[in-house]
Amino acid sequence: MAAVVVPYVALGGGSLEPTAVADPCVTRESPDSGELERVALSALDGAACELGTSREELVLALRDEKAWDAFTADRHIARADAERAVQDGLQRAIAAAVAAGDIPDFAGSLIAGAVKSLPPWRILQTLERFRAFLPEG
């Protein structure tokens, strides 16, 4: 046990504090990931900002319908308002990615059309499926 604890404390483990959750209303540097990941993160930030929550909390809420219902109930947000915030965030992020040339027009149109009719807890897995429509690179 000491073999684990001593190096941990010696390396500063005893003083480490959790990383603060970033403010979704403040523009962040885009990660070095694929186009859809950047679109999803941008959309989540926009929706989280509008809903007054963190991106991380929103991602957890999007895992299934039960989590979504709990999220909206806990924050006293009308379900329709929360769904609109997520869809609006996605529409803005998709439009920005198309305008920047990160996503082809046809793929942007397909994705934008799909997210209009999806419940929020299905959106992230649907975005993953659209990866096949994007050029590799």
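The two residues A85 and A47 make their nearest non-hydrogen contact at O-CB, 3.5 Å. Scanning all heavy atoms of the two residues, the minimum distance from L51 to A82 falls at CD2-CA, 3.8 Å. Taking every heavy atom of both residues into account, P104 and V98 meet most closely at O-CG2, 4.2 Å. Across all non-hydrogen atoms, the minimal contact from K116 to Q87 is O-NE2, 3.4 Å. Across all their heavy atoms, P24 and T53 have their closest contact at CG-O, 3.1 Å.
The residues K66 and D69 are annotated as not salt-bridged, no charged nitrogen and carboxylate oxygen being separated by less than 4.0 angstrom. A salt bridge is defined here as a Lys NZ or Arg NE, NH1 or NH2 lying under 4.0 Å from an Asp or Glu carboxylate O, and R84 with E50 fails to meet this definition. Taking 4.0 Å as the cut-off between side-chain N and carboxylate O, E65 and R79 count as a salt-bridged pair.
The line from CH2 of W68 to CG of L58 is 5.5 Å long, rounded to the nearest 0.5 Å. S109 OG to D105 CG: the interatomic distance, rounded to the nearest 0.5 Å, is 6.5 Å. Taken to the nearest 0.5 Å, the OG atom of S54 stands 10.5 Å off from the CG atom of L44. A distance of 8.0 Å separates CD in E83 from OG1 in T72, rounded to the nearest 0.5 Å. Note that CG of D64 is 9.0 Å distant from CZ of R122, once rounded to the nearest 0.5 Å. Distance check, rounded to the nearest 0.5 Å: CD1 of I103 to CD1 of I94 gives 6.5 Å.
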